[in-house]
**Q** 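This structure is in C-alpha cells; I'll ask about it shortly.
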2 protein chains.
Amino acid sequence: MRNKRQSIKDIATKLGVSPTTVSFVLNGKGEEKKISKEVINRVREYTTAINYKPNMVARSLRTGRTKILVFMVEDISNYFFSRIARIIEDIAYSKGYRVLFCSNENQDKRSRDLLNLFYERQVDGFIIIPSSGIRSDIKELIDNDIPVVLFDRYFPDLDTHYVVIDNYAASKNATQHLIDNGYRNIAFITTDVQQLQMLDRKRGYLDAVSKEGLQPTVLEIPFDDTDSKKGRELLRGFFSKKDGLDAVYFSTNYLTRSGLEIIKEIDAQAIADLGIVTFDDNELFRINTPTISAVAQPMEAIAQELMRIMLHLLKHKNKVSETIQVTLSAELIPRGSSLAKEKV
Amino acid sequence: MRNKRQSIKDIATKLGVSPTTVSFVLNGKGEEKKISKEVINRVREYTTAINYKPNMVARSLRTGRTKILVFMVEDISNYFFSRIARIIEDIAYSKGYRVLFCSNENQDKRSRDLLNLFYERQVDGFIIIPSSGIRSDIKELIDNDIPVVLFDRYFPDLDTHYVVIDNYAASKNATQHLIDNGYRNIAFITTDVQQLQMLDRKRGYLDAVSKEGLQPTVLEIPFDDTDSKKGRELLRGFFSKKDGLDAVYFSTNYLTRSGLEIIKEIDAQAIADLGIVTFDDNELFRINTPTISAVAQPMEAIAQELMRIMLHLLKHKNKVSETIQVTLSAELIPRGSSLAKEKV
DNA sequence: ATGAAAGCGCTAACAA
DNA sequence: TTGTTAGCGCTTTCAT
C-alpha cells in the first residue's frame with residue numbers, strides 16, 4: 001500500500017471544498033474564519049481517516065518560519081553539553097520548537113559549515129558556544145536579523161546576547177578551597193586555547209595562589225593533544241617529576257579523565273593523598289575512589305536562561321533594544337578528593 | 001547594515017540575466033548547459049561578493065529532498081549513543097547529508113511525535129532505536145517509502161533493515177568469564193522492559209549460569225525507576241540481604257552507575273572482592289577503582305554499517321529488493337573488577 | 001547560449 | 001461562509 005502523499009489540494013478536491021477552507025480548518029482557524037461546523041467536521045474526519053501529514057517545507061517556504069532552533073557546542077557527547085541540550089530541547093518542545101544539535105569540535109571551519117547549513121535551511125534561531133574564530137560569522141547572523149544567543153563564552157568586542165558563568169570567581173574559589181584544606185603546592189592543568197573562559201579560570205587560580213603567597217604551577221596541554229598520546233606524555237612527564245605536588249586542579253573535564261588515569265598509573269596509592277578538584281561535574285565522579293570534588297556549573301539555570309532569552313527574541317522578531325547578558329555562578333561540590341589534609 | 005536576503009531573482013535582475021542562468025551556474029551546471037565563460041564568471045563573482053546563501057527550504061520543496069537524516073535514540077547524552085551519533089554524523093557529512101539527533105526517552109509518545117515531526121519536514125531517512133510500541137509507526141514510514149534503518153533492537157515480525165549485536169552470545173560470554181574466574185554466585189541486574197535485546201542478555205546469563213549448574217539470581221528494576229529513589233531502594237535492599245553474592249553483572253550502563261554507588265555505600269571494602277561486569281563500556285570505567293570490566297559494543301562498526309545501509313537505500317530511492325539485516329558481535333574487555341578469584 | 005514559465009504545497013489577502 | 005488567486009524561492013522543461 002504505497003499511499004501517495006496527500007496534499008491539501010487533494011483533500012479539498014475529494015471533499016468538494018477549497019484548499020483555503022481545508023487550510024483554515026487544519027490550522028485551527030475554523031471558528032475564527034466562520035467555517036460551518038459541518039464542513040469543519042468533514043475535514044477533520046477525513047484528514048484523520050487518511051492520516052494526513054502537512055508538508056512543513058512548503059509551509060516554511062510560505063511563512064518564512066521553520067520552528068527549528070540550532071544548539072551548537074564543542075561536543076554534544078560531553079556530559080555538560082548534552083545535559084544542557086536535553087533541558088533546552090524540553091523547553092523548546094513545549095513551545096512548539098524543535099532543536100537541532102550539533103558539535104563543532106571547537107573548529108572554526110566546522111562551525112562555519114554548520115552555521116551556513118542551518119542558515120540556508122532558514123532555522124529560526126541559534127544557541128551557540130562559539131569557537132574562537134567565528135566572530136564575523138556570528139556578526140553576520142546578527143546583521144541578518146537571526147536570533148543568536150551565545151553561552152559558555154562570548155566575544156568581548158561583539159555586542160551579543162549571552163549566558164556565561166563567572167569562571168574567575170568559581171576558579172578562585174576552587175583553588176581557595178584546596179588552600180583552606182591544607183594544600184600548598186597546587187598544580188593547574190589546562191589547555192593552551194586562548195578562550196575567555198579558560199583565561200578566566202587561570203586568572204582565578206593564579207590570584208588565589210598568589211594571594212596566599214604560594215607558588216603557581218601551570219601545565220598547558222595543546223588543545224589538539226588533550227586526548228592524544230602526546231598529551232598523555234606531557235601529563236606523564238609532568239606528574240613524574242613534580243614530586244613536591246600535593247594537589248591538582250583541572251580546568252576542564254576532558255583533561256581530568258586522562259589526568260586521573262595517568263596519576264593512577266604512576267602511583268596508585270598517591271591519588272589518595274593528592275588533593276584533586278576539577279571543573280565540570282560528572283555523575284561518575286561520585287562513584288570514583290576517591291570521589292572527586294568538582295566545580296559544577298548550574299546546567300539547569302544556564303539552559304533556562306538561554307531559552308528565556310531565545311524565546312524573547314523570537315517573540316519580538318529579534319527587535320529588542322538592549323542586549324541581554326547573563327552571568328551565573330558555579331558551585332563547588334567538595335568530595336573525598338579534596339578533604340582537609342592533616343598538617344605534617 | 002540589514003541586508004535583505006538576496007534571492008536568485010534579485011541576482012538575475014542585478015546582472016541582467018535570467019534566474020535560470022544563475023541557477024545553472026550556482027549548481028555547477030554552467031559548462032554542461034553551455035553558459036558562456038564570461039557569464040559564469042560574472043555570476044560567480046557577484047554571488048561571492050554579496051555572500052549569497054541559497055534558500056534550501058525552497059530547493060527542498062522543489063526537489064523533494066532535504067539532505068537531512070534523523071538519528072533517534074533513547075538518550076543522546078548516553079555515551080554509547082552519542083559516540084555512534086558522532087561517527088554517523090561524520091560519514092553523513094562527507095556525503096552531503098546533515099544528521100538531526102533526538103532522544104525518545106524510550107517513550108512511544110515522544111518517538112511518535114518526533115517521527116511525525118521529521119516526516120512532516122520531509123527528511124530523507126531515519127536511523128532509529130525504536131521504543132517498543134512504535135511498530136506501526138515504523139511500518140507507516142516504510143509503507144510511505146521512507147528509508148528506515150533500525151539498530152540496537154528491532155521488531156521480529158516486521159521486515160526492516162537493521163543492525164544489531166548478538167546480545168545473547170555477548171551476555172553468555174560475559175557471564176562465563178565471571179564463572180571461569182571463580183565466581184559462583186552471580187547476580188544479574190537488569191530492567192523489566194520486555195525489549196528483545198534485554199531479554200537476549202538475560203537468556204545469555206541464565207544459560208551460562210545453568211550450564212555450570214549454578215543458581216541464577218535476577219533483579220529486575222522497573223524501567224522508570226532505574227534512576228529514581230525507588231530504584232535505588234530496590235538495589236540497596238537487594239545488596240544488603242544478599243551476602244552470599246560474589247559477583248554482579250549489570251545488563252545496561254545506566255544501572256551500573258547507581259549500582260556501584262550503592263555497593264560502595266553499603267560496604268566500601270566489599271567492592272574490591274566482588275566480581276563486576278557491565279554491559280556497555282565507558283571511558284571512566286578505566287579510571288574507576290577497581291577498573292570495571294565491560295562488554296563493549298563495536299560502536300565504529302555499528303555506525304559504519306548503519307550508514308552503509310542508509311546510503312544504499314538513498315541511492316536506490318529506497319527500491320531495494322532484499323532487506324538488509326546485520327548482526328555484529330560485542331567484545332568483553334576484562335579489567336580489574338573481574339580478576340580471577342583465589343579459591344577459598 | 002540563454003530565457004520564459006510552470007509548479008513543488010502551503011497560506012492569506014481579497015473577492016464573492 | 002467559502003473560493004480565487006498570488007506568491008514564497010527554487011529547479012527544470014521546453015522554447016528560442
Side-chain angles (χ1 to χ4, degrees), chain A residues 3-44 46-47 50 52-68 117 119-124 144, chain B residues 3-44 46-47 50 52-68 117 119-124 144:
Chain A
N3 11 324
K4 187 191 158 296
R5 217 141 162 160
Q6 299 282 58
S7 75
I8 278 193
K9 211 164 119 192
D10 296 331
I11 297 169
T13 310
K14 183 79 182 183
L15 296 182
V17 297
S18 83
T20 313
T21 308
V22 179
S23 173
F24 282 153
V25 173
L26 257 24
N27 289 320
K29 295 186 184 167
E31 321 276 70
E32 182 189 329
K33 297 291 177 178
K34 311 199 184 175
I35 309 289
S36 68
K37 265 254 163 314
E38 187 261 330
V39 172
I40 291 186
N41 285 337
R42 260 194 326 136
V43 172
R44 286 260 163 75
Y46 184 68
T47 50
I50 66 167
Y52 168 74
K53 307 279 173 65
N55 181 329
M56 300 301 275
V57 170
R59 173 184 294 182
S60 290
L61 179 59
R62 180 59 232 237
T63 63
R65 271 166 297 103
T66 54
K67 289 285 182 175
I68 287 203
L117 187 97
Y119 175 72
E120 291 174 349
R121 286 199 165 63
Q122 324 289 116
V123 301
D124 292 350
N144 279 295
Chain B
N3 9 327
K4 188 192 158 296
R5 217 141 162 161
Q6 298 282 60
S7 76
I8 279 193
K9 212 164 118 190
D10 297 330
I11 297 169
T13 310
K14 183 79 183 184
L15 296 182
V17 296
S18 82
T20 313
T21 307
V22 179
S23 174
F24 283 154
V25 174
L26 257 24
N27 288 319
K29 295 186 183 166
E31 321 276 71
E32 180 189 331
K33 296 292 178 177
K34 312 196 184 179
I35 309 290
S36 69
K37 265 255 165 311
E38 187 261 329
V39 172
I40 291 187
N41 286 337
R42 242 165 12 108
V43 172
R44 286 260 164 75
Y46 184 67
T47 51
I50 66 166
Y52 168 75
K53 308 279 174 64
N55 181 330
M56 300 301 273
V57 170
R59 173 183 294 182
S60 289
L61 179 60
R62 182 59 232 241
T63 63
R65 272 166 295 101
T66 53
K67 290 286 183 174
I68 287 203
L117 187 98
Y119 175 71
E120 291 173 350
R121 286 199 164 64
Q122 323 290 114
V123 302
D124 292 351
N144 279 296

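Just so we're on the same page: letters track the sequence lines, and every chain starts at 1. Bear in mind the structure is a predicted one, so any value in this text is a computation, not a measurement.
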**Q** Under 3.5 Å, which protein N or O atoms sit close to an N or O of nucleotides 5-7 of chain C? Give each pair with its distance.
**A**
residue: C/dA5; atom: N6; partner: B/Thr20; partner atom: OG1; Å: 3.4
residue: C/dG7; atom: N2; partner: B/Arg62; partner atom: NH1; Å: 3.1

**Q** Between C/dG9, C/dA1, C/dT11, which nucleotide gets closest to the side-chain atoms of A/Asn27?
**A**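 Minimum distance to the A/Asn27 side chain belongs to C/dT11.
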
**Q** Write down the distance between CD1 (B/Ile40) and P (C/dA1), rounded to a whole number of angstrom.
**A**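 Going from CD1 in B/Ile40 over to P in C/dA1 covers 10 Å.
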
**Q** Assuming nearest nucleotide by heavy-atom distance, tell me which of B/Thr63 and B/Ile35 is located more 5' along DNA chain C.
**A** B/Ile35

**Q** Can you name the closest pair of heavy atoms from A/Gln122 and B/Pro54 and give their distance?
**A** OE1-O, 4.5 Å

**Q** Given that A/Lys29 and B/Ser18 both sit by DNA chain C, which one's nearest nucleotide is further toward the 5' end?
**A** B/Ser18

**Q** Let me know the distance between CD of B/Glu120 and P of C/dG9, rounded to the nearest Å.
**A**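 In whole Å, C/dG9 P and B/Glu120 CD are 15 Å from each other.
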
**Q** For B/Val57 and B/Asn55, which heavy atoms make the closest approach, and how far apart are they?
**A**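 What the structure gives for the nearest pair is N-OD1, 2.8 Å.
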
**Q** Provide, to the nearest angstrom, the distance between the CD atom belonging to B/Gln122 and the P atom belonging to C/dG9.
**A**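 The answer, rounded to whole Å, is 9 Å.
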
**Q** Restricting to side chain to side chain donor-acceptor pair (under 3.5 Å), what partner residues turn up for B/Glu38, sequence neighbours left out?
**A** B/Arg42

**Q** Please name all residues satisfying side chain to side chain donor-acceptor pair (under 3.5 Å) with A/Lys67, sequence neighbours left out, ordered by chain then number.
**A**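 Once residues adjacent in sequence are excluded, A/Lys67 has no partner under the side chain to side chain donor-acceptor pair (under 3.5 Å) criterion.
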
**Q** Restricting to side chain to side chain donor-acceptor pair (under 3.5 Å), what partner residues turn up for A/Ser18, sequence neighbours left out?
**A**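 By the side chain to side chain donor-acceptor pair (under 3.5 Å) rule, A/Ser18 matches A/Thr21.
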
**Q** Would you indicate what B/Gly30 reaches in the nucleic acid, counting non-hydrogen atoms under 4.0 angstrom: base, sugar-phosphate, or nothing?
**A** nothing

**Q** OP1, OP2 of C/dC8 versus side-chain N and O of A/Asn55: anything below 4.0 Å?
**A** no

**Q** Restricting to side chain to side chain donor-acceptor pair (under 3.5 Å), what partner residues turn up for B/Ser7, sequence neighbours left out?
**A** B/Asp10

**Q** Under 4.0 angstrom, heavy atoms only, what part of the nucleic acid is B/Val57 near: base, sugar-phosphate, or nothing?
**A** nothing

**Q** Hey, what bend do you get for the helix from C/dA1-D/dT16 to C/dA16-D/dT1 if you fit axes on five pairs at each end, rounded to 10°?
**A**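 Computed angle between terminal axes is 50°.
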
**Q** Going by the rule side-chain contact (heavy atoms from CB on, under 4.5 Å), which residues pair with B/Ile11 if we only count those two or more places apart in sequence or in a different chain?
**A**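 For B/Ile11 the side-chain contact (heavy atoms from CB on, under 4.5 Å) partners, ignoring immediate neighbours, are B/Leu15, B/Val22, B/Tyr46, B/Thr47, B/Ile50, B/Tyr52.
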
**Q** Partners of B/Arg44 by side-chain contact (heavy atoms from CB on, under 4.5 Å), sequence neighbours excluded?
**A**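 Partners of B/Arg44 by the side-chain contact (heavy atoms from CB on, under 4.5 Å) criterion, ordered by chain and then number, come out as B/Val25, B/Ile40.
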
**Q** Run the side-chain contact (heavy atoms from CB on, under 4.5 Å) test against A/Ser23 and tell me which residues pass, sequence neighbours left out.
**A** A/Ile8, A/Asn27

**Q** Heavy atoms only, 4.0 Å cut-off, all strands: where does B/Ser7 land among base, sugar-phosphate and nothing?
**A** sugar-phosphate

**Q** Distance under 4.0 Å to a non-hydrogen atom of chain B counts as contact; along DNA chain D, which nucleotides mark the start and end?
**A**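 Going 5' to 3' along DNA chain D, contacts run D/dG9 to D/dT13.
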
**Q** Take the protein atom CG of A/Leu26 and the nucleotide atom C1' of C/dG9, then report the distance between them rounded to whole Å.
**A**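 It works out to 12 Å between those atoms.
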
**Q** Starting from the 5' end of DNA chain D, give me the residue, B/Tyr52 or B/Lys33, whose nearest nucleotide shows up first.
**A**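 Comparing both residues, the 5'-ward one is B/Tyr52.
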
**Q** Taking only residues two or more places apart in sequence, or in another chain, which ones meet A/Lys29 in a salt bridge (charged side-chain N to carboxylate O under 4.0 Å, His left out)?
**A** none

**Q** May I have the distance from B/Ile8 (atom CD1) to C/dA4 (atom P), rounded to whole angstrom?
**A** 15 Å

**Q** Mind checking if A/Leu61 touches a base, just sugar-phosphate, or nothing, with heavy atoms under 4.0 Å?
**A**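 Base contact - A/Leu61 has a heavy atom under 4.0 Å of at least one base atom.
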
**Q** Tell me, please, which residues at least two apart from B/Glu31 pass salt bridge (charged side-chain N to carboxylate O under 4.0 Å, His left out).
**A** B/Lys37

**Q** Between B/Arg121 (side chain) and A/Thr66 (backbone), is there a donor-acceptor pair under 3.5 Å?
**A**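 Yes, the answer is positive, given that a donor and an acceptor are paired below the 3.5 Å cut-off.
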
**Q** Give the rounded distance in Å between these two atoms: CG of B/Asn41 and C1' of C/dT2.
**A** 17 Å

**Q** Give the rounded distance in Å between these two atoms: CD1 of A/Ile11 and P of C/dC10.
**A**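 Rounding to the nearest Å, CD1 of A/Ile11 and P of C/dC10 are 7 Å apart.
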
**Q** Between atom CD in B/Glu31 and atom C1' in C/dA1, what is the gap in whole Å?
**A**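 My rounded result for the distance is 13 Å.
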
